2 protein chains.
Amino acid sequence: MHPAIPDEFLDLMAEKFRMLADPTRLAILRALMGGERNVSRVVEETGRNQANVSKHLKMLADAGLVARRKEGLQVFYRVDDPLVERLCKLVCETIVQEAEQEVERHRTLLSGWSKASP
Amino acid sequence: MHPAIPDEFLDLMAEKFRMLADPTRLAILRALMGGERNVSRVVEETGRNQANVSKHLKMLADAGLVARRKEGLQVFYRVDDPLVERLCKLVCETIVQEAEQEVERHRTLLSGWSKASP
DNA sequence: TGACTGAATAACCGATCTGGAATATAGTTG
DNA sequence: CAACTATATTCCAGATCGGTTATTCAGTCA
């Protein structure tokens, strides 16, 4: 029912996840989710320096997550894999939910404490 | 419309993805998706050695993706985060789709070639 | 052509990650 | 108690990663 998955396939999966496993790349993707952007604009919106952004953009492009378009001096990038938005959305929601649960847990702990020690 | 996301939140997201960004951990999770398993069984099903599996299981447990249950000499693990299956499913589907598109692309290239050179 | 701009690359370094071997721990059984 | 089993931990080497600085490349414009 649950046959093992060939290593080659696991590597492909891991690579997809690895691309999303870095805060700078996530920030870049977030910027690109606002629409196509040139490198300078991504630099502004992410607060990272230019060399760094260029390097990560290359990784993302090599992995096929973003597409490149050259126009004169500038280079424009855009998200090019529908997976990106869906994965990020799922994870975001989960983190928010976990945070809410944590708040709720504290609330109940606190109420128990206030009852237990009047 | 698309405000920047605080680095602290990006770090949380990256950490989730990082846990899934390794073939061995994916193999382990795959095994656990078949139901609760003790370490030895995970070792068998993944083909990795024991120390390695134990180490990765600890990471997954610390990250809250799997849960631990001790029973005598053995320790049983199970998937404990609904996110895992959903993320993996999405990525798997995408990879399969990409592979299919690749095949299709080759097919059309090939047909064009056979027409062009009779 | 030369000056200028936006982007990519190279070189370097510290940090982190992975796997393997050896060792340690916890629990069972005789 | 000692021997054994299942799991965890430690230590190590090699690889990869991420950020920074400096440099290079490509394209524009005077």
Side-chain angles (χ1 to χ4, degrees), chain A residues 4 7-8 10-32 36-78 80, chain B residues 5 7-8 10-32 36-78 80:
Chain A
D7 276 10
E8 190 185 342
L10 293 177
D11 288 342
L12 286 176
M13 292 184 64
E15 201 207 320
K16 291 270 183 200
F17 284 123
R18 198 156 41 78
M19 278 303 120
L20 299 177
D22 176 82
T24 297
R25 280 193 293 274
L26 289 175
I28 291 173
L29 289 170
R30 168 68 171 184
L32 296 183
E36 200 184 44
R37 301 265 190 277
N38 66 7
V39 177
S40 303
R41 174 124 180 233
V42 175
V43 168
E44 286 175 23
E45 294 192 12
T46 59
R48 270 77 175 180
N49 72 34
Q50 182 261 320
N52 203 359
V53 167
S54 268
K55 211 167 20 169
H56 284 293
L57 278 171
K58 177 173 167 49
M59 288 191 211
L60 291 170
D62 287 345
L65 299 190
V66 306
R68 234 179 80 109
R69 180 174 67 86
K70 207 164 180 179
E71 186 180 311
L73 262 184
Q74 309 183 43
V75 177
F76 289 84
Y77 287 87
R78 62 180 185 280
D80 193 38
Chain B
I5 297 184
D7 277 9
E8 189 185 343
L10 293 177
D11 288 342
L12 285 177
M13 293 185 65
E15 201 205 321
K16 291 269 181 200
F17 285 123
R18 198 157 41 79
M19 279 302 121
L20 299 176
D22 176 81
T24 296
R25 281 195 292 277
L26 289 175
I28 290 173
L29 288 170
R30 168 68 171 184
L32 295 182
E36 200 185 44
R37 301 266 190 277
N38 67 7
V39 178
S40 303
R41 174 124 180 235
V42 174
V43 169
E44 286 173 24
E45 295 192 12
T46 59
R48 271 76 174 180
N49 73 36
Q50 181 262 319
N52 205 356
V53 167
S54 268
K55 224 179 339 186
H56 283 294
L57 278 170
K58 177 173 167 49
M59 287 191 212
L60 292 170
D62 287 346
L65 299 190
V66 306
R68 234 179 81 108
R69 181 175 67 85
K70 208 165 181 179
E71 186 180 312
L73 260 184
Q74 309 182 44
V75 177
F76 290 83
Y77 287 88
R78 64 179 184 280
D80 193 38

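Atom set for the values below is all heavy atoms of this structure, side chains included, hydrogens, waters and symmetry mates excluded. Everything quoted here is computed from the prediction, not taken from an experiment. Labels below follow one simple rule: chain letters A, B, ... track the order of the sequence lines, proteins then strands, and each chain is numbered from 1.
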K.L.:
Do the side chains of A/D80 and A/R69 get close enough for a salt bridge, i.e. N-O under 4.0 angstrom?
P.N.:
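No, A/D80 and A/R69 are not salt-bridged.
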K.L.:
Under 3.5 Å, which protein N or O atoms sit close to an N or O of nucleotides 28-30 of chain C? Give each pair with its distance.
P.N.:
none

K.L.:
What heavy-atom pair brings B/V42 and B/L32 nearest, and what distance separates the two atoms?
P.N.:
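Of all heavy-atom pairs spanning B/V42 and B/L32, the closest is CG2-CD2, 3.9 Å.
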K.L.:
Measure across A/A14 and B/L26 and return the closest heavy-atom pair with its distance rounded to 0.1 Å.
P.N.:
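So the minimum-distance heavy-atom pair works out to N-CD1, 3.6 Å.
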K.L.:
Heavy atoms of chain A, cut-off under 4.0 Å: which first and last nucleotide of DNA chain D, 5' to 3', fall inside that, if you could look?
P.N.:
D/dC17 to D/dT28
K.L.:
Evaluate the side-chain contact (heavy atoms from CB on, under 4.5 Å) criterion for residues A/L29 and A/L20: first the C-alpha distance (whole Å), next the side-chain angles of each, then the deciding distance (0.1 Å), finally the verdict.
P.N.:
CA-CA 9 Å; A/L29 289 170; A/L20 299 177; 3.4 Å; yes
K.L.:
Of B/Q74 and A/K70, whose nearest nucleotide on DNA chain D comes first from the 5' end?
P.N.:
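By nearest-heavy-atom nucleotide position, the 5'-most residue is B/Q74.
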K.L.:
Which heavy atom in A/Y77 sits nearest to a heavy atom in A/R68, and how many Å separate them?
P.N.:
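Shortest heavy-atom contact: CE2-CG, 3.1 Å.
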K.L.:
Measure across B/V43 and B/R48 and return the closest heavy-atom pair with its distance rounded to 0.1 Å.
P.N.:
CG1-O, 3.2 Å
K.L.:
Closest heavy-atom contact between B/A31 and B/T46?
P.N.:
CB-CG2, 4.4 Å
K.L.:
What's the separation between atom CG in A/L65 and atom CE in A/M59, rounded to the nearest 0.5 Å?
P.N.:
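Nearest 0.5 Å value for the CG-CE distance: 12.0 Å.
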K.L.:
Do side-chain atoms of A/R25 reach the backbone of A/R18 as a donor and acceptor pair under 3.5 angstrom?
P.N.:
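Yes, because the side chain of A/R25 sits within donor-acceptor range (under 3.5 Å) of the backbone of A/R18.
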K.L.:
Any idea which heavy atoms bring B/S54 and B/V39 closest together, and the distance?
P.N.:
OG-CG1, 4.1 Å
K.L.:
For C/dG6, does either OP1 or OP2 sit under 4.0 Å from a side-chain N or O belonging to A/Y77?
P.N.:
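Result: no.
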K.L.:
One character per nucleotide, please: for nucleotides 12-22 of chain C, 5' to 3', B when the base has a protein heavy atom closer than 4.0 Å, S when only the sugar-phosphate does, - otherwise.
P.N.:
-----SSBBBB
